[in-house]
Asks: 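Here it is: the structure, laid out below.
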Amino acid sequence: MFKLKKENTKVEIDLSVDAKTWEEGVQKVYESSKGKFNVEGFRKGHAPRRVIEKTYGDSIFFEDTVEYFVNNTLNEVLEKNPELEPVAMPTTKFESFTLENGLKMQILFEIVPDFTLCNYIGQTFKVHDSKVTDHDLEHAIHHLLEDHAKFESVDRAVKVGDSALIDFVGYMDNVAFDGGAGQDYPLEIGSHSFIDTFEDQLVGHKKGESVDVNVTFPENYQAEEFQGKKALFKVTIKDVREKVVPEFTDKFVADTTEFETVEEYKKDLSAHIQGMKDKQHENEIQYVIRDYLLKNTKVEIPEVMVENAVHDELHRLSDALKVYNVSVEDYLLQTGSNMEDYLKNTKARSLEMIKTRYIYRKLLDENKIDLSAKEIKDAHKGAKDENEVLRKENELLLDKLYTFLKENNKIEIVKE
């Protein structure tokens, strides 16, 4: 009745249904669907098949009968060949049909082919040290002090690091343009928050001075009408303020934190940073192992899987943006991207995600890594729905997989 062909990721089932079997199939479809038809002179569901065919046309049961044989054949093939896991909905290709010769057609679908994992035992994976350094502490303390810095007025010219209080008006072709003016704006010199060399041109000027600032808008500026255009800003410097950073003392710590001394604060800070670095360390281990597996295991992923993943991602983005009444195209334009780049990047990301999923699944199967009854029970605790249960179970499985991989490989610490 059918022949199975498989080549790499493509599976073809040649389906042949002879006239006798076809007739039996039509009769079964009639029996299961006759209740849907209203025929004058008969109670619903009691009209003979020939009467229904005469009333609605000889081919009334044709499509449902084809579907009946396709579904039965697919179920039989997949039950006998569980390794054939379709990655997308099967398609059909009609060849011929006559009452004398029956039906001939093909059922087509794609699968992820079997593949061989790379050598994942006894490898060396290099990751960075997770120990807290003096530099880590100094960096964090520097940011704390910067957050508490104050700007004090000074009687001197503007320099990098100062805050200049300015009024400004922007002109294009000697005409002031909308959105190009501001008053009492505190501009931190060197922050690069204004376009081009705007901030640089204020350096060396004093309070009370007026400065002509010439700039060119970037080619990718968010407002299209300004892209690549030259503009003149007439700026008045109303005040020059120098940044004053406080000293890191016991008094500063007591005034700004929950601690009383520098020593207490640094001890807690060190523990906090260590916690973050431990998480980063674990993430880095997982990343380098995943990267190794992806680069060294050849998996042929069907194009349809990637296309479906890209379509789903685009659909999710579109739905999320509808809340804000923004199209995907406008969003990409605002973020300096375009549809071509978005689809290219999403395709690459989707391909990597799918490959990773199948590699991990094979690793779990090969090494018989599974959840215990207790772990499954724990995953159900407090879960709101089946999706959350599935997420928890997947997280537990991944944890067990990475524990296995770390135990069977060498993690080498490299210095910065």
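In this text, all values refer to a predicted model and were calculated from it rather than measured experimentally.
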Asks: Between Lys6 and Leu84, is there a side-chain heavy-atom distance shorter than 4.5 Å?
Replies: yes
Asks: Can you see whether Glu31 engages Gln27 through a side-chain donor-acceptor pair at a distance of less than 3.5 angstrom?
Replies: yes
Asks: Do Ser337 and Thr335 have side-chain atoms, one donor and one acceptor, less than 3.5 Å apart?
Replies: no
Asks: Do other residues, nucleotides or ligands put more than 12 heavy atoms under 6.0 Å from Asp365 CG?
Replies: yes
Asks: Do any N or O atoms from the side chain of Asn81 and from the backbone of Glu83 form a donor-acceptor pair under 3.5 angstrom?
Replies: no
Asks: Please say whether more than 12 non-hydrogen atoms of neighbouring residues, nucleotides or ligands are located less than 6.0 Å from CD in Glu412.
Replies: yes
Asks: Are Glu375 and Lys392 close enough for a salt bridge, meaning some N to O gap below 4.0 Å?
Replies: no
Asks: When you check the gap from the basic side-chain N to the acidic O, do Asp114 and Lys362 get nearer than 4.0 Å?
Replies: yes
Asks: Under a 4.0 Å threshold between the charged nitrogen and the carboxylate oxygen, would Lys347 count as salt-bridged to Glu303?
Replies: yes
Asks: Within the supplied structure, the quantity of interest is the number of heavy atoms (other residues, nucleotides, ligands) at a distance under 6.0 Å from Asp58 CG; does it exceed 12?
Replies: no
Asks: Has Phe94 got more than 12 heavy atoms of other residues, nucleotides or ligands less than 6.0 Å from its CZ?
Replies: yes
Asks: Do the rings of Phe97 and Trp22 sit parallel, tilted or perpendicular, given the 30° and 60° boundaries?
Replies: tilted
Asks: With a 4.5 Å cut-off on side-chain heavy atoms, are Ser163 and Leu187 touching?
Replies: no
Asks: Classify the side-chain pair Glu366/Tyr120 by whether it contains a donor and acceptor separated by less than 3.5 Å.
Replies: yes
Asks: Apply salt bridge (charged side-chain N to carboxylate O under 4.0 Å, His left out) to residues Arg50 and Glu53 and explain how you reach the verdict.
Replies: CA-CA 5 Å; Arg50 298 304 176 196; Glu53 289 174 332; 2.9 Å; yes
Asks: Does the distance from a Lys or Arg side-chain N to an Asp or Glu carboxylate O, for Arg391 and Glu395, drop under 4.0 Å?
Replies: yes
Asks: Decide, yes or no, whether a salt bridge links Lys243 with Glu188 under the criterion of side-chain N to carboxylate O below 4.0 Å.
Replies: yes
Asks: Mind checking whether Phe61 and Tyr30 have parallel, tilted or perpendicular rings, split at 30° and 60°?
Replies: perpendicular
Asks: Before accepting this row, confirm whether a basic side-chain N of the pair Glu313/Arg316 lies closer than 4.0 Å to the acidic partner's carboxylate O.
Replies: yes
Asks: Do His192 and Glu199 have side-chain N/O donor and acceptor atoms under 3.5 Å apart?
Replies: no
Asks: Establish, from distance only, whether the side-chain atoms of His135 and His139 form a donor-acceptor pair under 3.5 Å.
Replies: no
Asks: Would you confirm whether Ser32, through its side chain, and Val29, through its main-chain N or O, come within 3.5 Å as a donor-acceptor pair?
Replies: yes
Asks: Assess the side chains of Glu110 and Thr9: does a donor N or O sit below 3.5 Å from an acceptor N or O?
Replies: yes
Asks: Are the charged groups of Glu340 and Lys344 less than 4.0 angstrom apart, N to O?
Replies: no
Asks: Between Arg241 and Asp239, does any NZ, NE, NH1 or NH2 come within less than 4.0 Å of an OD or OE carboxylate oxygen?
Replies: yes
Asks: Ion pair present between Lys20 and Glu23, side-chain N to carboxylate O less than 4.0 angstrom?
Replies: no
Asks: Strictly by modelled atom types, are Asn75 and Asn72 linked by a side-chain donor-acceptor pair under 3.5 Å?
Replies: no
Asks: Quick check on Glu225: does its CD atom have over 12 non-hydrogen neighbours (other residues, nucleotides or ligands) under 6.0 Å away?
Replies: yes
Asks: Checking Lys80 against Glu76 for the salt bridge (charged side-chain N to carboxylate O under 4.0 Å, His left out) test, could you report, in this order, the C-alpha distance in whole Å, the side-chain angles of both residues, the deciding distance, and whether it holds?
Replies: CA-CA 6 Å; Lys80 291 180 178 178; Glu76 184 178 347; 2.9 Å; yes
Asks: Quick check on Gln183: does its CD atom have over 12 non-hydrogen neighbours (other residues, nucleotides or ligands) under 6.0 Å away?
Replies: no
Asks: Please name all residues satisfying ring-ring contact (aromatic ring centres under 6.0 Å, His included) with Tyr68, sequence neighbours left out, ordered by chain then number.
Replies: none
Asks: Name every donor-acceptor pair, under 3.5 Å, that has one atom in a side chain of residues 166-180 and the other anywhere in the protein, sequence neighbours excluded.
Replies:
residue : atom : partner : partner atom : Å
Asp167  : OD1  : Asp184  : N            : 2.7
Asp167  : OD2  : Lys238  : NZ           : 3.4

Asks: Does either side chain, that of Tyr287 or that of Tyr292, offer a donor lying less than 3.5 Å from an acceptor on the other one?
Replies: no
Asks: Go through Tyr331 and Tyr342 one step at a time and tell me if the side-chain hydrogen bond (donor to acceptor under 3.5 Å, both in side chains) criterion holds.
Replies: CA-CA 11 Å; Tyr331 167 77; Tyr342 170 79; over 6 Å; no
Asks: Does Lys406 have more than 12 heavy atoms from other residues, nucleotides or ligands lying within 6.0 Å of its NZ?
Replies: yes
Asks: Within the distance-only criterion (no hydrogens, no angle test), does the side chain of His148 pair as donor or acceptor with the backbone N or O of Pro246 below 3.5 angstrom?
Replies: no
Asks: Would you call Asp378 and Lys381 a salt bridge, using N to O less than 4.0 angstrom?
Replies: yes
Asks: Report yes or no: does Thr197 contribute a side-chain atom to a donor-acceptor pair with the main-chain N or O of Asp200 at less than 3.5 Å?
Replies: no
Asks: Thinking salt bridges, do Asp212 and Lys234 make one under a 4.0 Å N-O criterion?
Replies: yes
